[in-house]
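Throughout, a chain's letter reflects where its sequence line sits, starting with A, and its residues are numbered from 1. All figures in this text were calculated on a predicted structure; none of them were measured in a lab.
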Amino acid sequence: MKIRVDKSACQGHTACWMAAPEIYVLDEFGYSGIDVVAVTPGNEARARAGASACPEHAITIEE
Amino acid sequence: MGRVTHEPRIDFDHHSPEFAKDTHGILAGLRATCPVAWSEHYDGFWVISDWEGNREVLRQDPIFTPARLPWFPPGGSLTIPKTPGDVRSLPIELTTDEHAPLRRLLNAVTSPAASNALLPRIEHWTTHFIDQVIESGECDFVYDLATPIPAYITLEWVGYPLEHAEVASTAMHDTLGQPPGSDAFNRAVEAMGQMHAIIAETVVARRANPKDDIISYLCHTPVEGRLLSDREATEMAFTLVGGGVDSTTSLASSALMHLHRDRSLRQRLIDEPGLLAKATEEFLRVYPPFASIARTVVTDTELKGCPMAAGDRVYVSRYAANFDASVFDDAEEFIPDRFPNHHVSFGLGPHRCAGSHIARLMFQEIMRQVLTRMGDYELFDDRCADYPDHGFSIGWVTMPGRFTPGARS
C-alpha cells in the first residue's frame, strides 16, 4: 500500500497528522512533508484514517 | 459566456434580526432548495450554502479573490457589505501570487511545532485568569475568561503592549458582539482605531529595537529579498490580533454553553480527557466562530451551473457547509468523536486559518482548566446573551454563572 499526497492541494490543515502523526510527517511550515510513501505492514488502517481526515481531499491511498 | 441573470433570487440578509434568530433554519432551507442563490441586499451578492460550493469558491482563489483589486469599490473584501477603511487584512487580501510568500512567512511561526512552543504561555494566562475568579464562585465566563485568555496569549505573542490589552479585546469583542449603532459598539469602533495606532507605533519601535515577538519577526525577516514595509508589517500584525483575539472566545463560549445544557457530555469530557481533541473539531463544526467569509469574482465564471459576472460579490457560509448532510452523517447531531470531520470553520484553500493550531491549543487549555477547576459550573440562562448579529460571527456576548469556589493555583 502507498500513500500519495498532492502537495499542491495540501493547505496545512494537519488533519492527517492529527490522525496518524507517525505516518504523516509535516515540514517546517506545517504542511505535508511527504508525497509518495509506502505504508509499512500493520499501519494500513492508520494510513487510511489519515487520508480520510483531509478536508482538501489531497491524499489518496494506492493499494 | 451567456448574460448573467443573477438567479435564482432569494431574500437573504445575514445582518437581519430574523437571521440572528433562526440562522440554522434559514441556512438549512437555502442549502436544501438553492445552495447557490442571489440576494439583492447590499448591492447584490451570491449566497453559497453547501459544502461543495464552499470548496469550489475557496479552492479557485484566482477567480474568487479575497484581494482588493484597483477596479473594485473600496473597502475590506472579506465581509458583505465591505468593511470601511483602507487597512488590509494581510496576507489574506492579496492575489494568489502576492499572497504565497507572505503566507510562508506566517506559516513558519504558526506551524504546529511553533504553536506548541506557546504552550507554557497558554497555560500561564489560562491559570492566571481563572485564578482571578476561582475563590469567588461566580464570574462572567465570557468577559472574565473566554475574552481575556485568548487576547493576552495572542497579544503577548504578537508583541502588542499588554498595558493596552483591554483596548484590543474590547475592540474585537464588542464590534462582533454589540449591536451596530449602540454606545458599546461605537466605543469598540473607536478602540479598533486606537488598536491599529498602537500596532503601527510598535512596528516602528521594533524596527529600531527588535525583541522576541512576532512584530519584530515581521519587521526583520526578508521575504523574496526585501523586508516588509511598516504598513505591511502593521497590517499583518493587525490581522493576527483580529484573527486571534475574539475567535477562540466565540468557540469557547459556545462550547461552555453547550456543556451547560448537556451535562452528560460534560461528565464524559471530565472522565475521558482524551476525547477533547476530537470534540474540539465537533465544537468547531457546530459553532464556527467566523461563520462566513466573502470573495469577489475576478472574471466571468460559473459555479454549480450558475453563471457569475466579474465584480460579483460572494458570501460563503461556513456554517451552512458544516451542516451539509451530503458530507456529514447525522449532520444535526453533536457527535463528540466524529471522524473524519471535514468542517470548514478554518476555511479551505490557500487562506486556511493560519492560527488554527494556536486556536486549538488555547481552546483545549481553557476547556481543560474549566472542567477540572470549575467542573460543576452552571450559567444563569436569563442573563446570558448571544451575538445580536450573526452576519459574520456567532458566539456569546456575556455568560454569567457560578461554580463551587476553589483555591488559586
Pairwise distance SG(C353(B)) to CD(Q11(A)) - rounded to 0.5 angstrom
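If I round to the nearest 0.5 Å, the distance is 13.0 Å.
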
Spacing of NZ belonging to K278(B) relative to CE belonging to M18(A), to within rounding of 0.5 Å:
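The CE atom of M18(A) is 10.5 Å from NZ of K278(B), to the nearest 0.5 Å.
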
Contact origin within [X] toward chain A - heavy atom pairs under 4.5 Å:
X	result
R338(B)	neither
R104(B)	both
H351(B)	neither
A113(B)	neither

Could you label the plane-to-plane angle of the H57(A) and W51(B) rings as parallel, tilted or perpendicular, counting under 30° as parallel and over 60° as perpendicular?
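Aromatic pair H57(A)/W51(B) classed tilted.
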
Looking only at heavy atoms, what is the nearest atom pair of F339(B) and A49(A), with distance?
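F339(B) and A49(A) have their closest heavy atoms at CZ-O, 3.3 Å.
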
Determine the minimum heavy-atom distance between P340(B) and A53(A), stating which atoms define it.
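That would be CB-CA, 3.9 Å.
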
Select one option (side chain, backbone, both, neither) describing which atoms of C54(A) are under 4.5 Å from chain B's heavy atoms.
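Backbone of C54(A) only, per the 4.5 Å heavy-atom cut-off to chain B.
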
Do E56(A) side-chain atoms and G349(B) backbone N/O form a donor-acceptor pair below 3.5 Å?
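Yes; at least one donor-acceptor contact below 3.5 Å.
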
Test item: H342(B) side-chain N/O and S52(A) main-chain N/O as donor-acceptor pair under 3.5 Å:
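Indeed, once roles are kept as given, a pair shorter than 3.5 Å links the two residues.
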
When you compare the side chain of L26(A) with that of S111(B), does any pair of heavy atoms fall below 4.5 Å?
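No; the side chains remain at least 4.5 Å from each other.
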
Are more than 12 heavy atoms from other residues, nucleotides or ligands located less than 6.0 Å from atom CD of E62(A)?
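Buried by this count: over 12 neighbours within 6.0 Å.
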
So for atom NZ, which belongs to K304(B), do other residues, nucleotides or ligands contribute more than 12 heavy atoms lying within a distance under 6.0 Å?
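Atom NZ in K304(B) is crowded, with more than 12 foreign heavy atoms closer than 6.0 Å.
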
Chain B: which of G12(A), G30(A), A15(A) shares the most heavy-atom pairs with it under 4.5 Å?
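Ranked by contacts with chain B, first place is G12(A).
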
